[in-house]
Amino acid sequence: QCHTLEDARMDLRKWEPIVEQILAEMHLQPSESGKQKVLTAWRAKLEKEPTSLQAFQIDLIIREVRRHLDIASRKSA
């Protein structure tokens with residue numbers, strides 16, 4: 001199954017609620033280790049759930065969360 005960049009963008013828009021939920025949970029954590037635990041737990045949850053998500057799709061979600069965090073950290077710096 002070949003995904004184009006546009007397909008990936010469409011997928012990310014579809015999964016934005018998941019990204020937002022992960023970010024919200026991470027923002028509740030004061031430490032970086034706490035944030036990492038949330039991210040790790042979500043990855044495991046997405047891998048277990050019958051969401052029909054493939055591994056590369058889960059990777060896209062996690063990368064999008066990290067991108068949001070990177071942008072937020074640059075704004076606060």
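Bear in mind that the values here come from a model prediction, so they are computed numbers and not experimental data.
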Original post:
Rounded to the nearest 0.5 Å, how far apart are NZ of Lys35 and OG1 of Thr40?
Top reply: 13.5 Å
**OP:** For the pair Glu64 and Arg67, find out whether any cationic side-chain nitrogen is under 4.0 Å from an anionic carboxylate oxygen.
**Re:** yes
For residues 18-28, tabulate all N or O donor-acceptor pairs below 3.5 Å that involve a side-chain atom, not counting sequence neighbours.
residue, atom, partner, partner atom, Å
Glu25, OE1, Trp42, NE1, 3.0
Glu25, OE2, Trp42, NE1, 3.4

Subject >> Separation between CD of Glu32 and CG of Leu69, rounded to the nearest 0.5 Å >> reply: 8.0 Å
Subject >> salt bridge (charged side-chain N to carboxylate O under 4.0 Å, His left out) against Arg43, all qualifying residues, sequence neighbours excluded >> reply: Asp59
**OP:** Could you tell me whether Arg66 and Asp70 have a side-chain N and a carboxylate O separated by less than 4.0 Å?
**Re:** no
Subject >> Contacts of Arg63 that satisfy salt bridge (charged side-chain N to carboxylate O under 4.0 Å, His left out) - sequence neighbours left out >> reply: none
